[in-house]
There are 2 protein chains.
Amino acid sequence: MDGMSAMRSGRAPMYQQISEALRQQIADGTLPAGAQLPTEADLTERYGVGRGTVRQALGDLVNAGLVVPQRPRGYFVRERRPMVFRPQAEFRKRPFSAEMDAFVLEHSADGREPRQLIEVAIVEPAPDIAKRLQLEPGQLAAVRRRIRWLDGEPFNLNDSYFPLDIVRESEIMRPEDITRGANEVLAELGYRQVTALDEVYVRMPTPDEVHRLELGPGTPVGYHVCTGYTAEGKPVRVAVTVLPGDRHVISYERRWEPQDGAE
Amino acid sequence: MDGMSAMRSGRAPMYQQISEALRQQIADGTLPAGAQLPTEADLTERYGVGRGTVRQALGDLVNAGLVVPQRPRGYFVRERRPMVFRPQAEFRKRPFSAEMDAFVLEHSADGREPRQLIEVAIVEPAPDIAKRLQLEPGQLAAVRRRIRWLDGEPFNLNDSYFPLDIVRESEIMRPEDITRGANEVLAELGYRQVTALDEVYVRMPTPDEVHRLELGPGTPVGYHVCTGYTAEGKPVRVAVTVLPGDRHVISYERRWEPQDGAE
DNA sequence: AAGTGGTCTAGACCACGCA
DNA sequence: GCGTGGTCTAGACCACTTG
């Protein structure tokens, strides 16, 4: 018996034809967000293929983040409602334009219930962190690890690292919320940050992140690293935030600076 | 015959145990970037499981972006060397701190050969673009579509939209490189941008993006939308950039503004 | 109890690049 | 021609949730 009877029509593999057809229906609204897809059995019969082939097709959509399997109910079209993540919020309270205001408002946490868990530790930071803090190998850092929830769902991870020698015995070492902000505490300690370098990486999550953030399959994350510097150029804080792609928009605004000479 | 003989040891499915073991070896450097993994046949024998199970394990790693299958050579640990994508570059030539300079330099295109292909069209923009440009339904926009390569590899997609009525018959409509920048042309037309709103979304690519950017499986993209406004608050440009996660770091810098009152 | 997706097996043929 | 991964089949048992 041939293994590939149903595939010989076009040239694309059968499973791709199936996933493409479903993709189409999701794109054009035939299958709106939250709708249930046909079951594996349905598709197996409809296309006259083996179950493995159908599962491969559905797997494609799952890995593309379009569809979520909810055992044992079936496959459903994914819904997403990203929140605004605004790195600048910490140093500029209000957006400087009406458009920005409207944008933030549209994606706001209106009435959703925030919660967070803070944990403080002294660690030898990972090499990439140590490098940004300009620590020698073996030098220690304090880290405030936070998990933030919204309506009981994990929302993002935020780890802030500080050189241990400047925050030791300060308020930063206590695992409680600092209402006036950790940055203000740093400033009181004599290390006011005046500039920051932001980096955003886009990648798939680690299994640990999948677990802690309860990520569905096919959900990439933004990995945001912010390094804060004093006026003297000393790095005093590295904040690492892991942002699930299906729950965030990273957003910031810019203002053109006076042109100095030719562009 | 049982279907699951080999799985009954722990509680995690066999394929996860296999992928976890490989993940470990990648993480600790036993399998460095570029190294070849054991073949499917190797793993099938080593773990005493069916080929399907092994393929599921490897599929995990592929979808996590850690491994790339190179038929018919085998599976290899992925290499990545992200380039800096600096949205601010267009309006601030040089980073304002030495740290930033160093960072950009470290991820620079040193000696790699850039190339781009420009295409201009008049379109009815997608709803999200139309909304940002504040266009009425049916109003048209000009779009400059660019694909950029580096050393013959596609690097990113960049589509810039302009309200048609303000750029018609300007230089922007010609599919050639504009050395002094499209922003400068806009300014000459009387629409100088003074602020911009940046949004970054993180998601899996569409099949079209996979094709145009030659993305490997398990490669998420950053979707960067920049809306530029004139002093009067009129949006005059929307630039959409699709950035493969394995080839980019998005980066920008900030400067703390004078504190106004409490916070 | 029924029906869903999750895991696993065994075996088959194909397309492709390299020796 | 050989070995690689890519596709596909047919059949099995499991875990889970819902009626």
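Atoms considered below: every heavy atom in the structure, side chains included; atoms not considered: hydrogens, waters and symmetry mates. Order of the sequence lines sets the chain letters (A, B, ...), proteins ahead of strands, with each chain counted from 1.
If A:Pro72 and A:Gly50 are placed on DNA chain D by their nearest nucleotide, the residue sitting closer to the 5' end is A:Gly50.
The interatomic distance linking A:Arg73 (CZ) with C:dG6 (P) rounds to 13 Å, in whole Å. The interatomic distance linking A:Arg51 (CZ) with D:dG11 (C1') rounds to 11 Å, in whole Å. Between A:Arg71 atom CZ and C:dA2 atom C1' the separation is 16 Å, expressed in whole Å. In this entry the distance linking OH of B:Tyr75 with P of C:dC16 reads 17 Å, nearest Å. Whole-Å rounding puts the A:Glu40 CD to D:dC14 C1' distance at 14 Å. Rounding to whole angstrom units, CD of residue B:Gln17 and C1' of C:dT7 are separated by 12 Å. Look at OH on A:Tyr15: it is 18 Å from P on C:dC14, rounded to the nearest Å. The CD-C1' distance, from A:Gln16 to D:dC8, rounds to 14 Å in whole Å.
To the nearest 0.5 angstrom, B:Leu215 atom CG is 7.5 Å from B:Glu209 atom CD. Atom-to-atom distance recorded for A:Arg148:CZ and A:Leu117:CG is 12.5 Å, nearest 0.5 angstrom. B:His224 NE2 to A:Ile250 CD1: the interatomic distance, rounded to the nearest 0.5 Å, is 10.0 Å. Distance check, rounded to the nearest 0.5 Å: CZ of B:Arg212 to CG of B:Leu157 gives 4.5 Å.
Dashed line: the shortest gap from a side-chain N or O of A:Thr53 to OP1 or OP2 of D:dT9 is under 4.0 Å. For A:Gln56, a side-chain nitrogen or oxygen approaches OP1 or OP2 of D:dT7 to under 4.0 Å. For the pair A:Thr39 and C:dG3, the criterion of a side-chain N or O lying under 4.0 Å from OP1 or OP2 is not met. Within the 4.0 Å cut-off from OP1 or OP2 of D:dG5, not a single side-chain nitrogen or oxygen of B:Arg55 is found.
When each of D:dG6, C:dG5, C:dT7 is scored by its nearest atom to the side-chain atoms of B:Pro13, the top-ranked nucleotide is C:dT7. Comparing atom distances between the B:Pro69 side chain and each of C:dG5, D:dG5, D:dC8 picks out D:dG5 as nearest.
Ring-plane geometry between A:Phe85 and A:His248 is classed as perpendicular, the angle between the planes exceeding 60 degrees on a 0 to 90 degree scale with a lower cut at 30.
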